[in-house]
Amino acid sequence: MKIAILGAGAMGSLFGARLAEAGHDVTLLDINAAHLDAIRRHGLRLQTDEADRRVQGMQAMRPEQAGAIPDLLIVFTKTMHTRAAMAGVRHLLGPETIVLTLQNGLGSVETICEFVPAQRVLIGITTWPADLVGPGHVQSHGEGVIRMMSADGVDRPAVAGTVAALDRAGMHCKADADVWAAIWEKVAFNAALNPLCAVTGSTVDQLGSIPDGPALAFAVVGEVLAVARSHGVAVDADKVGASVLHAIELHIGHKPSMLQDILAARCTEIDAINGAVVAAARRHGVPVPCTEALMQLVRLIETRAAGHGLDASPVLH
Ligand code: NAD
């Protein structure tokens, strides 16, 4: 397949590299000049548990420099950049191009459907992890899965073809007609742990240092899952609760991406996670006070950094 990755940061680079290693024709599209330059010069350095290697043969360029229409476009920008990124690849969206989003949060699929009809859009989640170590250098440890379905819910050949490409690349990918449950469960997990760490400057395990940390995380999870149920999504509260406990017990020293973004004075994905939950809760009349308070606190920290040039970092102990 001819595959373009829109937003070739940590996740986009990992997915692009794995698909290139499986023999696909991969183009990485990004706006990070240093990262693109390093990949063009030396290939992408990919460190996984199996090997530390350089993946050669991928093209890497800014979106406006690309001309070839891909069969599959995988969107892996942060959610707040989805609309601008999609606008930058209008010229690459052919009549048959399939667009897949595995981004976190809610709302990207609606944004993508402003550019491509829903029958050519695939949605899903992935539990593969990735970190951008530096320009041209990505690492990913452990294993993950991918679950996806068509955005309009119809099971068509594009779903099977995309699933097969990712699965044969060793990414453990399956079609899943219940993917909305997995999306909301991941949103619940992220809406609890990401802002709690971002606001308090805690690593995930530090949330467990007093009972109030897990209690607040569980309060947020309960609120988000209530919103999901009000949407008719059959979420599994025990599964999310177990994941949250597992993370607090075992993710020693882990700084979730929202904390990393705050520490680097970057915008966070708060609008697509807690913000989208709060908006959906208002539509359905579901109270979400903890989810909303965390959203407001993260927005305050972001604004402090952007508006006044102040240090956005909470104190890390
Ligand atoms: P990242 O910041 O490492 O990568 C995003 C890339 O998008 C950057 O390289 C940036 O330069 C690029 N970009 C921004 N605007 C662009 C534009 N207009 N055109 C082209 N490229 C543009 O982020 P990430 O960690 O790879 O996360 C991507 C998405 O995947 C997020 O929604 C995240 O929540 C989700 N996710 C991440 C992980 C993880 O472990 N990193 C795991 C699961 C899901």
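Just so you know, residue 1 is the first one in the sequence shown, and it goes up from there. Each ligand, and each atom within it, is numbered from 1 in the order the structure gives.
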Report, in ascending order of atom number, the atoms of ligand 1 lying under 4.0 Å from any heavy atom of W128.
42 (C), 43 (C)

Sub-4.0 Å heavy-atom approach of A130 to ligand 1:
yes

Taking every heavy atom of V204 against every heavy atom of P256, the minimum-distance pair comes out as CG2-CG, 3.7 Å

Polar proximity ligand 1 side, T79 side, N/O cut 3.5 Å exclusive
no

Going from CE on M11 to CG on L102, what distance comes out if it is rounded to the nearest 0.5 angstrom?
7.5 Å

Between Q103, M11, E269, flag the one that comes closest to atom 33 (C) of ligand 1 by a heavy atom.
E269

Enumerate the atoms of ligand 1 whose separation from the nearest heavy atom of H81 is less than 4.0 angstrom.
14 (C), 15 (N)

Distance-only donor-acceptor check, side chains R120 and S150, under 3.5 Å:
no

Heavy-atom distances under 4.0 Å decide this one: backbone, side chain, both or neither, for L132 against ligand 1?
neither

Donor-acceptor pair, E302 side chain versus T268 backbone, under 3.5 Å?
yes

Polar contact flag, side-chain donor to acceptor under 3.5 angstrom, Q47-H137:
yes

Looking only at non-hydrogen atoms, find the nearest pair between P135 and A34 and report the distance.
CB-O, 3.7 Å

Between W180 and H231, is the gap from one ring center to the other below 6.0 Å?
no

Show the nearest heavy-atom pair for residues L28 and A8, with the distance to one decimal.
CB-CB, 3.7 Å

Checking a contact table here: which protein heavy atom is nearest atom 23 (O) of ligand 1, and how many Å away?
K78 CE, 3.4 Å

re atom 36 (N) of ligand 1, the protein heavy-atom contact at minimum distance is N104 ND2, 3.5 Å

Does ligand 1 come near enough to D30 that some N or O of the ligand is less than 3.5 Å from an N or O of the residue?
yes

Can you tell me how far the CE atom of M86 sits from the OG atom of S108, to the nearest 0.5 Å?
10.0 Å

Polar contact flag for A10 and ligand 1 (N/O pairs, less than 3.5 Å):
yes

Just jot down the ligand 1 atoms closer than 4.0 angstrom to any heavy atom of P129, in number order.
40 (O)

When you measure from atom 17 (C) of ligand 1 to every protein heavy atom, which one gives the shortest distance, and what is it?
A85 CB, 3.7 Å

Among protein heavy atoms, which lies nearest atom 4 (O) of ligand 1, and at what distance?
G9 CA, 3.3 Å

Enter the distance from I98:CD1 to Q119:CD here, rounded to the nearest 0.5 Å.
9.5 Å

Please state which protein non-hydrogen atom is closest to atom 7 (O) of ligand 1 and give its distance, to 0.1 Å?
G7 CA, 3.4 Å

When distances are taken from atom 29 (C) of ligand 1, the protein heavy atom at minimum range is T77 O, 3.6 Å

Salt bridge or not between D52 and R45? Use side-chain N to carboxylate O under 4.0 Å.
yes

If you take the nearest heavy atom of each of I31, L14, N190, which one is closest to atom 15 (N) of ligand 1?
I31

Among all protein heavy atoms, pick the one closest to atom 43 (C) of ligand 1 and tell me residue, atom and distance.
K186 NZ, 3.4 Å

Identify, for atom 28 (C) of ligand 1, the protein heavy atom at the shortest distance, and state residue, atom and that distance.
F76 O, 3.3 Å

